[in-house]
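Quantities reported herein were computed from a predicted structural model and do not represent experimental measurements.
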Amino acid sequence: SSVLRRVATWKFTWMMIEDYTLLGSGLGTYDYHSLKYQADFFARNDNRDIYPHGFAAQAHNEYLQLWSELGIIGLILFIWILFAYYRNIFKYFRKFKGKQKVFTIALAGGVTAVLVDSLFGFPLQLATSLFLFWLFMGLTSAQIALANNGQKKYDMHNKEESNQSFKSGEDSTQKRGAIFFLRKYILSFFLVAIMLVLILFLIRPFVARIYWYHGNQELIKGNHNVAIKIYEEGLKWNPWQGEMYYDIGVVLSNRGLNTPAIEYYKKAEKYVDHHYLPRNIANSFLKKGQLKEAIPYLEKAIKYQPDKKKMLPLQLQLGNIYLTIKDFKNAERHFADAIHDNPNTEEAYYGLAGAYLNQGKKEQGIEALQKVIELEPESKLAGYAKTTLTKIKL
C-alpha cells in the first residue's frame, strides 16, 4: 500500500511537472496544487481502484517536488550544487590531514544519506534535516577552504593591506577610515532591511498560526463568536492563510449565513485547496437555491472524495440537480457514472430512467425502471417505478 501510494503521488506530480516544466509552479506551492492533480489522476482509467487514496502535502521524492515547484532550471541548479560539492571533496581530499579526512567523510555521509532519503521521502521539507543538510555542506566547504590554505592567503592579504596603509601616510589613513565608516553604516542598513523582511515573511505567518491554534481551541469549546474574532486577528498578521478563511466559512455556514460563508470560502480557495472546500461551497449555494452556481463545485467535490462510496451521494445529488434544470444529458452522464462505480444503486437507476425518458429514450428508460424493481422490489422507488411503467404501457 505504501509503495502504491508513492507511485500514485509520483505520477500525479509528473502531471504537475508537465504543466510547469520550465519555471515550476512556485516554491512551496506543491501542497496547494497536489489535491487537484491527484483528483485528475484518479479520474483517469481505473486508477482509483489500483492506487490507494491519500492527501499528499509532499511528493515523497524531493527531486520531483523541486522540479514541480522550481522547474527544470531550479532542478539543474540544485544538481549543479551537488556536483560541485562532491567534485571539491574528491579534488581536495588528498590535502586533508588526520581528523580532517574523518570529519569530511562523516559530513559527506550525512549529506549523502539525506539525498538517498530524498528519493522516497521528504527530508528537505523538514526543518531539522534541512538545517543539518546545509550545515553539513557548509562545514565541508570550510574544511576544503582550510585544506586549500585559504586562511593563510587571507592573512597575507590583510598584512599587505596593513603595510600599504601604513606607508600611504596620514591622509590615506583618514580616507580609508571614512570608507570603513561608510561601509559600516551601509552594512547596518542592509542588516536592518533583512531583519524587517524576516519579520514580514517569517514572524508574521508564525504569529498568525498561533492565532489559528487558539481559534481552533475556542471552536472546540463551542465559543464560535470568540473563535471568529481570534481568526480575524490572525488574518491581520497573515491575510494569505487560507485555513482561517475556511474555518470562518464553516462557522457561518453552520449558522445558516450562506452569503458571507461563500465569501470566506472563496477567499480560502485562493490560498488553500481543502478537500472539503468544494463540497462546502456547493452546499452553501444549494441552500440559497442557486443550483447552477453549485454545479462546478459539486463536480470538483466528486473528484476529491477518497473512495467510490463517498462519491455516490454527490453523484446522485448532482444528477438530480441536472434533472431539475432539465439538462438531461449531463444527468444521464452522472447517473451512469454512479452505476459504474456502485452497480447496485436503485437511486441511480431511477434517476437514469428519468434522464432517458426525458430524452425520448423509451427502451433504455424501461430497462432502468425494471432494474429499480429488481434491486429493491418493496421499496418506495420500486413503487414509483411500477407506476411509471404502467403509464408508459398505457
* **Lys95 atom NZ, over 12 foreign heavy atoms within 6.0 Å** => yes
* Of the non-hydrogen atoms in Tyr86 and Leu115, which two are nearest, and what is the gap between them? -> OH-CD1, 3.5 Å
* Derivation of the side-chain contact (heavy atoms from CB on, under 4.5 Å) call for Leu70 and Leu75 -> CA-CA 7 Å; Leu70 295 181; Leu75 180 63; over 6 Å; no
* Straight-line distance of His334 NE2 to Asn320 CG, nearest 0.5 Å -> 11.5 Å
* Heavy-atom closest contact (Ala261 atom, Gly249 atom, distance) -> CB-O, 3.6 Å
* Please say whether more than 12 non-hydrogen atoms of neighbouring residues, nucleotides or ligands are located less than 6.0 Å from OH in Tyr213. => no
* To do: Step through it carefully: locate the ring centre of Phe120, locate the ring centre of His60, and say whether they are under 6.0 Å apart.
  => no
* To do: Calculate, to the nearest 0.5 Å, the distance between atoms CG and CD belonging to Leu277 and Glu243 respectively.
  => 11.0 Å
* Tell me, do Leu323 and Phe335 make a side-chain contact under 4.5 Å, heavy atoms counted? -> yes
* Please confirm whether the backbone N or O of Asn47 pairs with a side-chain atom of Asn45, one donor and one acceptor, at under 3.5 Å? => no
* Asked: When you check the gap from the basic side-chain N to the acidic O, do Lys36 and Glu269 get nearer than 4.0 Å?
  -> no
* Hey, are the side chains of Lys308 and Asp49 touching, using non-hydrogen atoms and a 4.5 Å cut-off? -> yes
* Between Glu374 and Lys371, is the closest basic N to carboxylate O distance under 4.0 Å? -> yes
* **Ile373 and Leu389, any side-chain heavy atoms less than 4.5 Å apart** => yes
* Note, Ile366 side chain near Lys362 side chain (heavy atom, < 4.5 Å) -> yes
* Asked: Rounded to the nearest 0.5 Å, what separation is found between the OG atom of Ser34 and the CZ atom of Phe12?
  -> 5.5 Å
* Asked: Could you walk me through whether Asp19 and Met15 pass the side-chain contact (heavy atoms from CB on, under 4.5 Å) check?
  -> CA-CA 7 Å; Asp19 287 344; Met15 291 166 60; over 6 Å; no
* Between Tyr231 and Asn216, do the side chains contain an N or O donor and an N or O acceptor separated by less than 3.5 Å? -> yes
* **ILVMFWY network linking Leu291 to Ile262, side-chain heavy atoms under 4.5 angstrom** => no
* **Exceeds 12 heavy-atom contacts within 6.0 angstrom, atom CD of Glu363** => no
* To do: State which residues pass ring-ring contact (aromatic ring centres under 6.0 Å, His included) with Tyr37; sequence neighbours excluded, sorted by chain then number.
  => none
* Asked: Quick one: ring-ring contact (aromatic ring centres under 6.0 Å, His included) partners of His274, sequence neighbours excluded?
  -> Tyr246, Tyr276
* To do: Spell out, as yes or no, whether a donor-acceptor pair under 3.5 Å connects the side chain of Gln315 to the backbone of Ala348.
  => no
* Asked: Phe96 and Phe93: aromatic ring centres closer than 6.0 Å?
  -> yes
* Hey, quick one: are Tyr32 and Tyr297 part of the same hydrophobic cluster, counting side-chain heavy atoms closer than 4.5 Å, chains of contacts allowed? -> no
* To do: Going by the ring-ring contact (aromatic ring centres under 6.0 Å, His included) test, name the single residue among Trp14, Tyr30, Trp10 that passes it with Trp67.
  => Trp14
* To do: Over all heavy atoms of both residues, which pair between Ala353 and Gly365 is shortest? Give the atoms and the distance, please.
  => CB-O, 3.7 Å
* Asked: Looking at the rings of Tyr51 and His53, which for Trp means the six-membered one, are their centres under 6.0 Å apart?
  -> no
* To do: Kindly indicate whether a cation-pi arrangement holds for Lys288 with Phe285, taking the cut-offs as under 6.0 Å to the six-membered ring centre and within 45° of the axis.
  => no
* Transitively linked via ILVMFWY side-chain contacts under 4.5 Å: Leu375 with Leu316? -> yes
* Can a donor-acceptor pair be found between the side chains of Ser1 and Arg5 at a distance below 3.5 Å? -> no
* To do: Could you work out the complete set of other residues in the hydrophobic cluster of Val272, with links drawn between I, L, V, M, F, W and Y side chains under 4.5 Å apart?
  => none
* **pair Leu381-Tyr349: side-chain heavy atoms closer than 4.5 Å** => no
* Ser253 side chain to Tyr264 side chain, donor-acceptor N/O pair below 3.5 angstrom -> no
* Can you name the closest pair of heavy atoms from Ala382 and Glu346 and give their distance? -> N-OE1, 4.4 Å
* When rounded to the nearest 0.5 angstrom, what is the spacing between NZ in Lys236 and OH in Tyr211? -> 8.5 Å
* Asked: Any side-chain heavy-atom pair from Tyr245 and Pro239 closer than 4.5 angstrom?
  -> yes
* To do: Measure the spacing between OG1 of Thr140 and CD1 of Ile105 and express it to the nearest 0.5 Å.
  => 11.0 Å
* Asked: Taking C-beta and beyond as the side chain, do Gln317 and Asn283 meet within less than 4.5 Å on heavy atoms?
  -> yes
* Quick check: are there more than 12 heavy atoms from other residues, nucleotides or ligands sitting under 6.0 Å from OH of Tyr384? -> no
* Going through the distances and angles, do Leu219 and Val250 end up as a side-chain contact (heavy atoms from CB on, under 4.5 Å)? -> CA-CA 11 Å; Leu219 208 61; Val250 170; over 6 Å; no
* Same cluster (ILVMFWY, side-chain, under 4.5 Å), Leu135 and Leu82 -> yes
* Asked: Taking side chain as C-beta onward, heavy atoms only, is Ile295 less than 4.5 Å from Asn330?
  -> no
* Considering all heavy atoms, the nearest Gly215-Ala227 contact -> O-CB, 3.5 Å
* **Worked check of salt bridge (Lys or Arg N to Asp or Glu O under 4.0 Å) between Glu218 and Lys229** => CA-CA 10 Å; Glu218 293 297 329; Lys229 288 180 181 178; over 6 Å; no
* To do: State whether the side chain of Glu62 and the backbone N or O of Leu124 hold a donor-acceptor pair below 3.5 Å, judged by distance alone.
  => yes
* Shortest non-hydrogen contact between Pro52 and Leu4, atoms and distance -> CD-CB, 3.6 Å
* So Glu299 and Leu318, side-chain contact (heavy atoms from CB on, under 4.5 Å) or not? Walk me through it. -> CA-CA 8 Å; Glu299 295 267 12; Leu318 187 52; 3.7 Å; yes
* Could you tell me the separation between the CG atom of Asn344 and the CG atom of Asn342, rounded to the nearest 0.5 Å? => 9.0 Å
* To do: Return yes if some donor-acceptor pair links the side-chain N/O of Gln359 with the main-chain N/O of Ala355 below 3.5 Å, else return no.
  => yes
* Joint hydrophobic cluster, Ile321 plus Tyr350, side-chain heavy atoms closer than 4.5 Å -> no
